Amino acid sequence: MTRILVKRIGAAAVLWAAVATAAFFLTGLGGSDPGRAILGPSATSAAVAAQNHELGVDRPLPAQFTSWAGDLLHGDLGRSYLTGRPAIEGLGQRLSVTMSLVGLSLAVVVGLSLLLAVLAATGRAGIDRAVQILSLTTHAVPGYLLALLLLTAFAVELPIFPAFGYVPLTASPGRWLAALALPVTAVALGGVAGAALQGRGALIDVLESDYIRTLRSRGVPARSVLLRHALRNAAPPWLTSLSLAFVAMLGGAFMVEKVFALQGLGTLAVDATVAGDRPVIMVLVLLTGGMVILVNLLTDLAQMWLVPKARTA
Amino acid sequence: MSAAPARRASPLRAAVRNPLTVAGLVLLAVTLTALAAAFVIGWVDPSGPAKANLHGLNAPPGTPGHLLGTDNGGRDVLIRLVAATKATMLGAAVALTVAVALGVPAGLVAGYRGGWAETALEWLAGLAMSLPSLMVLMAIIAGLGTSMWISMTALGCMMAPAVFRLVRAQVHAVRRELYIDAAKVAGLGDARIIARHVLRVVRAPVVLMVGVMSGVAVTVQTGLDFIGLGDPSTITWGRMLSEGFEALDTNRLLFVWPGLAMVSTVMSFLLLGNGVRDALQRADTATRPRGRDRSPASRPVPPAVPGPRPKPPRPDELLSVCDLVVGYPDGSGGLVEVVRGATLGLNAESTLGLVGESGSGKTQTAFALLDLLPRQATILSGEIRLDGVDLLSLPPAERERTVRRTIAYVPQEPMSNLDPAFTIGHQLTEPLRARGVGRAEARARARGLLARMGISDPDRVMRSYPHQISGGMAQRVLIAGAVATEPRILVADEPTTALDVTVQSEILDLLRGLQAEMRMAILLVTHDLGVVADLCDDVAVMRAGRVVETAPVDVFFRAPGHEHSRALLAAVPDEGHVRPDYDAEAASAAWDLAYARKTSASPDRSLGGAGR
C-alpha cells in the first residue's frame with residue numbers, strides 16, 4: 001500500500017515537471033519580444049534589444065530554461081514582464097476568487113450529480129430523461145454562453161443577483177454566495193450532467209449485479225444495499241468523471257470570470273497570454289497543472305480506498 | 001457481400017424515422033447553407049460584413065434591409081453571422097482533422113501491435129489527458145500568437161488522445177477474432193489486414209466520436225474568441241459573442257444571435273450522432289443471433305399433456321407453487337412469459353430437485369419464490385404459499401419480511417456474489433446486525449459458522465476481501481451467509497456448477513449435513529442429475545417455463561413419466577460417453593449407486609466429513 005502510494009506521488013511529481021518543461025518551451029517557441037511590449041511601439045529597437053538582453057530572453061531557449069528552473073528551485077518565480085513586480089504578486093487574491101468559484105461548483109457537482117444519479121438509476125423515469133436532456137443541452141450550451149444568458153436574465157432584466165464583482169467570504173458570507181450564485185450555476189451545470197450520467201450508468205450496472213441480489217436475499221435493508229454497497233461499488237467511474245469535470249470547470253471558470261468581471265486567475269491568464277507575459281503564464285501553468293495533477297492523484301487514492309482490489313494493482 | 005448493403009441501409013432508415021434525428025438534419029442543413037453563403041459572400045462582396053450603416057446603429061430585428069437588425073457599429077448582423085460561419089467551421093475542421101489524423105493511426109498501431117509502442121502511446125495519452133487543457137492552449141497562444149490555425153491544431157492534439165483510446169479499445173476487441181487469425185494464416189500483411197478488416201470495425205465509433213468532438217471544437221473555438229484570444233483579423237461567432245457582450249447595455253439581443261448559431265450547430269452534431277448510435281444499436285440487437293437468450297415462449301410449444309399431470313399442491317406442504325406465470329417486457333410493449341405455469345411443492349426437511357435445461361425457467365421460478373425477481377419482471381398469475389399463506393396476496397413489504405425470515409439463497413457463481421468492496425466478515429455480520437444482533441455476538445456467530453463450513457482459519461477469512469479467497473472458499477462463505485439467519489428453506493441455485501469436481505462433492509456433503517442439523521428444506525435448482533440422485537427426495541422437471549413432471553426421486557430414475565424427463569436422462573454422460581438413447585437399466589443402476597452412497601452418509605458422518 002505504502003509502496004503504491006509513493007509510486008503514485010512520484011509519478012505525479014514527474015508529470016508536473018514534464019508539464020512545466022513543455023509549457024516553458026511552448027511559450028518560448030515564437031521568439032517572444034517582451035522588450036517591445038514593455039517599452040511600447042515608440043521605443044527604438046536598440047532600447048528594446050537592451051531590455052530583452054536585460055530580461056535574458058535573447059539567449060537560446062535551453063539556457064533560458066536552466067536559469068528559470070534554477071530560480072524556481074530557489075523559490076523565485078521571476079518577475080512579470082509587464083509590471084516588473086514578482087510574478088506571484090497578488091496571486092493569492094485571484095486564487096481565492098477562482099477557487100471559490102471552482103470549489104463551490106465542485107461541491108454542487110458532487111451533491112447534485114449523486115442525487116440525480118441515484119434517483120435516475122432507481123427508476124425515476126422522469127429524472128432519468130431529465131438527466132439525459134440536461135447532458136445534451138450542456139454540451140450545446142457551454143458555460144460562458146450560459147453565463148451570458150444568466151447574467152442577462154437574472155442580473156440585468158431581473159436584478160436579483162449582482163451583475164459583477166466579488167465579495168470575499170470573510171467580508172460577508174451572504175454577499176459572497178450571492179455574487180457567486182450565477183457564475184457557479186454557469187460553471188457547474190455541465191459537470192452535474194456529465195457526472196450524473198456517468199454515475200447513473202455505473203449504479204445501474206452495479207444494481208443488476210449478483211452480489212446485490214444476494215445481499216437482498218439476506219435481508220440487508222434496501223437503504224443499506226443502495227447507499228452502502230451499491231454506491232460504493234459504483235463510485236470509481238463517478239469519481240473519474242468528477243476529476244474530468246474539475247479540469248473542465250477550471251477552464252469554464254476562466255471564461256465565466258470574464259462575463260461576471262471576476263478578477264480571478266482566468267482574467268489574469270488572458271491578460272498575460274495577450275501580452276506574452278511568460279513568467280506569469282508559467283506561474284499559472286505550474287498552479288493549474290499542479291491542481292489538476294493533485295485532483296487526479298486524489299481520485300486514484302480514493303478509488304484505491306473504495307475498491308480493495310485496486311490496492312494490489 | 002450482398003447482405004451488407006441491406007444491413008447498412010436499415011439503421012439509416014431507422015435513424016431518419018426518429019424525429020430528433022430529423023431535427024438534427026434540419027439544423028445541420030441550416031449551418032451548411034450558411035457555410036455555403038459565407039463562401040459566396042467572401043467571393044462576391046468580401047467587405048460586406050464590415051459595411052456600416054451609420055444611420056441605423058442597433059437597429060432591431062426586422063428592420064427593412066436588416067433581417068436580424070444591426071450591431072452597435074451599424075453593421076448587418078445576419079451578414080456577419082453568415083460570414084462568421086466560415087472561420088468557425090474551418091477552425092473546427094482543422095481541430096477534428098488533427099485529432100483523427102493523430103488518434104486513429106496511433107490507436108491502430110497500439111491496439112494491433114501492442115508492446116512498447118502501446119505503452120509509450122498510452123503514457124503520452126494519459127499525460128495529455130491529465131492537463132489543464134485551456135491553460136496549455138493559452139501557453140501555446142502566448143508563444144505562437146493568436147492564429148486560429150495554430151490554436152485549433154493544438155486543440156486537435158489535445159483531443160487526439162480520446163480518439164486514440166477509442167480506436168485502441170476497438171482494435172483490442174477485434175484483434176483476437178478468428179477472422180483476423182485466418183487473414184494472418186492466409187498470408188495477408190499487417191497493413192492489408194488493418195485496411196481491410198480492422199478499419200471497418202473502427203469506422204462507426206470514430207464517426208460517432210467525431211460528431212461529439214465537432215461540438216467541442218466549435219464551443220472551445222468560440223470560447224477562445226470570446227475571451228479575446230482569437231485571431232483579430234477574422235470574424236467568428238466567438239468574436240460576435242464578445243462584441244455582443246461589450247454592447248450588452250445598448251443592445252441586449254446582439255449576443256443572442258451568435259449564441260443561437262453555435263447552439264444550433266452543436267445540437268445538430270449531437271442529435272445526429274445520437275440518432276446514428278441508437279439506430280446502430282437497434283440494428284445490432286435485431287440481427288444478433290438469439291441462442292442463449294432465446295426465451296422459452298418463442299420456442300415451439302411442447303405437446304400438451306404428454307406425461308402425468310403435476311400433482312396439485314397438498315395443504316401440508318411447507319412451500320407450494322401453483323401455476324406461477326412470470327413475464328418480462330419483450331422490448332416492443334408486450335410481455336414474454338419465461339415461467340408459464342410452474343407448479344411444485346416442497347415438504348418440510350426434504351429436498352426437492354428442480355431440473356431442466358438452461359433457459360427452462362427454473363432460476364426465474366426460484367427468484368420468484370425468493371422475492372428476488374428483477375425490477376422489470378412481473379408475476380402475472382399463480383400462487384406461492386408458505387405455511388399455507390399466499391405470499392402474493394401480502395403487501396410487498398410484509399411479503400419481503402416473511403420471505404427473508406424463512407427462505408435463504410445460495411447462488412451459483414461464488415465470486416460474483418460477494419461484494420468486492422467489503423470484507424467477508426462484514427458481509428456475514430451485516431444481515432445479523434440488521435436483525436438486531438449485537439456486534440460482538442454477530443462476529444462470534446459468523447466465525448463459528450465459517451468454522452462449521454470446514455474453514456480452518458476463520459479469522460483470516462473474516463478479514464479477507466472476496467478477491468483474496470478461492471472459489472470453493474467463497475461458496476462456503478455464501479452457504480454460511482445463507483444459513484446464518486437460520487432459515488427453514490434453503491434455495492440453492494446450481495450451488496456446485498462453477499466449482500472444481502473435488503470441491504463439488506465437499507459442498508454437497510456440507511449441504512446434506514447442514515440440512516439434517518438445521519432441519520431445513522432444500523430446493524435445489526440444477527441441471528446435474530448426478531447431484532439430484534445424490535441429494536434429493538423428489539424431482540420436478542421443468543421445460544419451456546412449465547413443470548412437466550414431479551416425482552419421488554427413485555420413481556423418476558426408474559420410470560420417468562414425461563418424455564422430456566427421458567430425454568434428460570438419456571443425455572447424462574456415462575463414463576465420458578453420451579448415450580445414444582435412454583437406457584433404463586443403466587440409469588437405474590446409476591441411481592442405485594448414488595442412493596446407496598446417500599443412505600450410508602448419515603448426518604453425523606457427513607458432519608465430520610465436511611472438514612475432509
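Please read all numbers here as calculations on a predicted model, not as lab measurements. Convention: sequence-line order gives letters A, B, ...; per-chain numbering from 1.
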*Atom group of B:Leu478 that falls short of 4.5 Å from chain A, counting heavy atoms*: both
*B:Pro487, B:Ala482, B:Gly215: which one forms the most heavy-atom pairs within less than 4.5 Å of chain A?*
B:Ala482
_Heavy-atom proximity to chain A below 4.5 Å, by part of B:Leu229_ = side chain
*Sort B:Phe367 into side chain, backbone, both or neither according to what part of it lies under 4.5 angstrom from a heavy atom of chain A.*
side chain
*Side chain from CB out, backbone as N, CA, C, O: work out which of these in B:Leu131 comes under 4.5 Å of a heavy atom of chain A, or both, or neither.*
both
*What part of B:Thr222 gets closer than 4.5 Å to chain A, counting heavy atoms only: side chain, backbone, both or neither?*
both
*Taking atom types as modelled, is there a side-chain donor on B:Gln427 or A:His229 under 3.5 Å from an acceptor on the other?*
no
*Where on B:Arg401 is there a heavy atom nearer than 4.5 Å to chain A: the side chain, the backbone, both, or neither?*
neither
*Hey, mind stepping through A:His139 and B:Thr219 against side-chain contact (heavy atoms from CB on, under 4.5 Å) and telling me if it holds?*
CA-CA 9 Å; A:His139 267 108; B:Thr219 53; over 6 Å; no
*How many angstroms lie between CD in B:Glu413 and CG in A:Asp210, if you round to the nearest 0.5 Å?*
7.5 Å
*Based on non-hydrogen pairs under 4.5 Å, which of B:Ala421, B:Gly126, B:Ala434 is most in contact with chain A?*
B:Ala421
*Which one, A:Arg213, A:Arg228, A:Met282, leads in non-hydrogen pairs under 4.5 Å with chain B?*
A:Arg213
*Heavy atoms only, distances under 4.5 angstrom: which of A:Thr137, A:Leu284, A:Asn233 has the most pairs with chain B? Name it, please.*
A:Asn233
*asked:* Less than 6.0 angstrom from the centroid, inside 45 degrees of the normal: does A:Arg218 satisfy that with respect to the ring of B:Tyr409?
replied: no
*Pick one of side chain, backbone, both or neither for B:Arg435, based on which atoms fall under 4.5 Å of a heavy atom in chain A.*
side chain
*asked:* Taking A:Glu157 first and then B:Arg252, would you say they form a salt bridge - that is, a charged N and a carboxylate O separated by under 4.0 Å?
replied: yes
*asked:* Heavy-atom cut-off 4.5 Å, strictly under: side chain, backbone, both or neither for B:Pro420 against chain A?
replied: both
_Residues of residues 244-252 of chain A within contact distance of chain B, non-hydrogen under 4.5 Å_ = A:Val247, A:Gly251
_Applying salt bridge (Lys or Arg N to Asp or Glu O under 4.0 Å) as the test, list every pair that has at least one member in residues 242-269 of chain A; sequence neighbours left out._
A:Lys258-B:Glu246
*Option that, when pairs with chain B are counted at under 4.5 Å, heavy atom only, ranks first among A:Leu136, A:Leu148, A:Ile281, A:Val274*: A:Leu148
*Which is it for B:Asp419 and A:Thr214 under the side-chain contact (heavy atoms from CB on, under 4.5 Å) test, yes or no, and what are the steps along the way?*
CA-CA 9 Å; B:Asp419 184 339; A:Thr214 299; over 6 Å; no
*Would you mind checking which part of B:Asp371 comes under 4.5 Å of any heavy atom in chain A, side chain (CB onward), backbone (N, CA, C, O), both or neither?*
backbone
